[in-house]
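These numbers were taken from a predicted model, which means no experiment stands behind them. Keep in mind that the numbers below use all heavy atoms, side chains included, and drop hydrogens, waters and symmetry copies. Below, chain A is the first sequence line, B the second, and so on; all start at residue 1.
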Amino acid sequence: MHAKETKRLVFWVNWNYEKREKWFDRMSAQGLHLQQPGLFLNTFVRDDQVRYVYRLDYQPQLRKPALQGDYVTLFQDAGWEHLGQCAGWHYFRQPWQPGREQKLYTDRTSLLQHYKRIQHVLGILLLAEIAVLGTSGTNLLIVMPRTGLNLWLTVVPVLAVYAAVVVLLGYGWVKMGRKINTMESRE
Amino acid sequence: MQNVEEMTAGRVHMGPGTIYTALNTLVKKGLIRQTESQDDADSRRKVYEITDDGRQVLSAEMQRLAELLENGRRRIHGGRT
């Protein structure tokens, strides 16, 4: 029987990746299994005979397949299937085993390092985005009177989009920071 | 990973993310290094060996643990302190 493929449009924001894992787990429990992760478009295969557990690992330095050899092999040796990589997020799955903890990070130190890695990149993106907002804001406001760019149709919408990204990244950065702090204080 | 579980009679289960992080950290600290000789069966597997620094740190840690164990023994089995 030919497995039926479906594509679903899902957009996720980086820091709540554990929610993303749970969502893929729930989908799999319903018989829809992620096959090919994408930035927006995720491909699922329907099969009622299996159930998987999905886990994500952030390794932004391992985007090129040539660098992934030993990394992927290590995970495969541990029984995880590598589905692919998307924006530095590596997707793994293995058959669901009731009553067993199926995790990539099994101690606090390494999990904390994982969170910090995510927060670090969020921080860099946030700073870059603030710089973009600042420069394009001043540019647009200086250029506008000369070119006759409409304030409400052009300048404000563009700056609003940049500002929204800054808010989103800032929110993620703060949330991740809180998560790290609570974990560190739970000594 | 299988070895870790066997060595600890299934008590310690190490996830691959934890192992990958630990290997990178140990390499960065100079306690282990990648060997020249690759695993012949699979060139994608990296092989690491302990460095001299690593051996020193390991024996210091063993000494610390032995001391701890010795103190524990004295406490439990009585004897002179």
Find the distance between CG (Leu112(A)) and OG1 (Thr21(B)) and round it off to the nearest 0.5 Å. 11.0 Å
Please round to the nearest 0.5 Å and tell me the distance separating atom CG of Asp70(A) and atom OH of Tyr48(B). 5.5 Å
Check whether Gln59(A) gets within reach of chain B through its side chain, its backbone, both or neither, counting any heavy atom under 4.5 Å. side chain
Let me know if Tyr71(A) has heavy atoms under 4.5 Å from chain B in its side chain, its backbone, both or neither. both
A quick test of your reading: do over 12 heavy atoms of other residues, nucleotides or ligands sit less than 6.0 Å from [atom1] of [X]?
X         : atom1 : answer
Lys179(A) : NZ    : yes
Gln63(B)  : CD    : no
Glu101(A) : CD    : no
Glu61(B)  : CD    : yes
Ile76(B)  : CD1   : no

Hydrophobic cluster membership, Val167(A) vs Val132(A), 4.5 Å side-chain cutoff: no
Largest heavy-atom contact set with chain B, pairs under 4.5 Å, which of Asp107(A), Thr109(A), Asp57(A): Asp107(A)
On a heavy-atom basis, the closest approach of Leu74(A) and Pro16(B) is CD2-O, 3.8 Å
Counting only N and O atoms by type, is there a donor-acceptor contact under 3.5 Å from the side chain of Thr18(B) to the main-chain atoms of Thr106(A)? yes
